[in-house]
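So the structure is just underneath, and the comments pick up after that.
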Amino acid sequence: MGYHKTWWNRHFLWLQSVDDSTKLPGFRSHHMAVRFFVMLKSLKELSVLTDPAFDSYRATKTTIVKEEELEHLNLVEQSFFKIAEKSLIKHFRQWLSQDLLPCAIATPET
């Protein structure tokens, strides 16, 4: 839940929002290179330990999970965020090509 509240919803709402310039739904492709790095940075900064969106998860984890299972669950958390980062890079790599870089740099909004 916390991952979706804090990271997924925020970024994917942007992808589905109405563009300010065109007043049409959807994003402008020349924004994607910058958006990728914004998404990657916020994903790397996301922490199960400190983010308020994970409060209920932390409370549940400490009351339900046995002490000997905590280390394994911590490894699962780390793996989840590594997989999320790899998935982001895999699916957004197309926006980082040399062909699109001039478009991203030349945009007045970036």
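For the numbers below, each heavy atom of this structure counts, side chains included, while hydrogens, waters and symmetry mates do not. Position 1 is the first residue of the sequence, and the numbers go up from there.
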CG of Leu24 to OG of Ser17: how many Å apart, nearest 0.5 Å? 11.5 Å
Apply side-chain contact (heavy atoms from CB on, under 4.5 Å) to Phe81 and list each qualifying residue two or more places apart in sequence or on a separate chain. Tyr3, Leu43, Leu46, Val48, Phe54
Does any non-hydrogen side-chain atom of Leu40 lie less than 4.5 Å from one of Phe92? no
Mind checking side-chain contact (heavy atoms from CB on, under 4.5 Å) for Lys82 and listing every partner two or more places apart, or none if nothing turns up? none
Using the rule that Ile, Leu, Val, Met, Phe, Trp and Tyr join whenever any side-chain heavy atoms are under 4.5 Å apart, tell me whether Val18 and Met32 fall into a single cluster. no
Measuring from Met39:CE to His91:NE2, what's the distance to the nearest 0.5 Å? 11.0 Å
Can I get a per-line list of side-chain donor-acceptor pairs under 3.5 Å for residues 64-79, giving both atom names and the distance, sequence neighbours left out?
from  : atom 1 : to    : atom 2 : distance (Å)
Glu69 : OE1    : Lys66 : N      : 3.4
Asn74 : OD1    : Lys61 : NZ     : 2.7
Asn74 : ND2    : Leu70 : O      : 3.3
Glu77 : OE2    : Tyr57 : OH     : 2.5
Glu77 : OE2    : Lys61 : NZ     : 2.7
Ser79 : OG     : Leu75 : O      : 3.0

Residue pair Leu13, Trp8: steps toward the side chain to side chain contact (heavy atoms under 4.5 Å, CB included) verdict: CA-CA 8 Å; Leu13 280 174; Trp8 183 272; over 6 Å; no
Backbone N or O of Asp51 within a donor-acceptor pair of the Arg58 side chain at under 3.5 Å? yes
Ignoring hydrogens, what is the shortest heavy-atom contact between His11 and Arg35? Give both atom names and the distance. ND1-NH2, 3.1 Å
Within the side chain of Thr6, is there an N or O that forms a donor-acceptor pair under 3.5 Å with the backbone of Gly2? yes
Measuring from Arg10:CZ to Leu15:CG, what's the distance to the nearest 0.5 Å? 12.0 Å
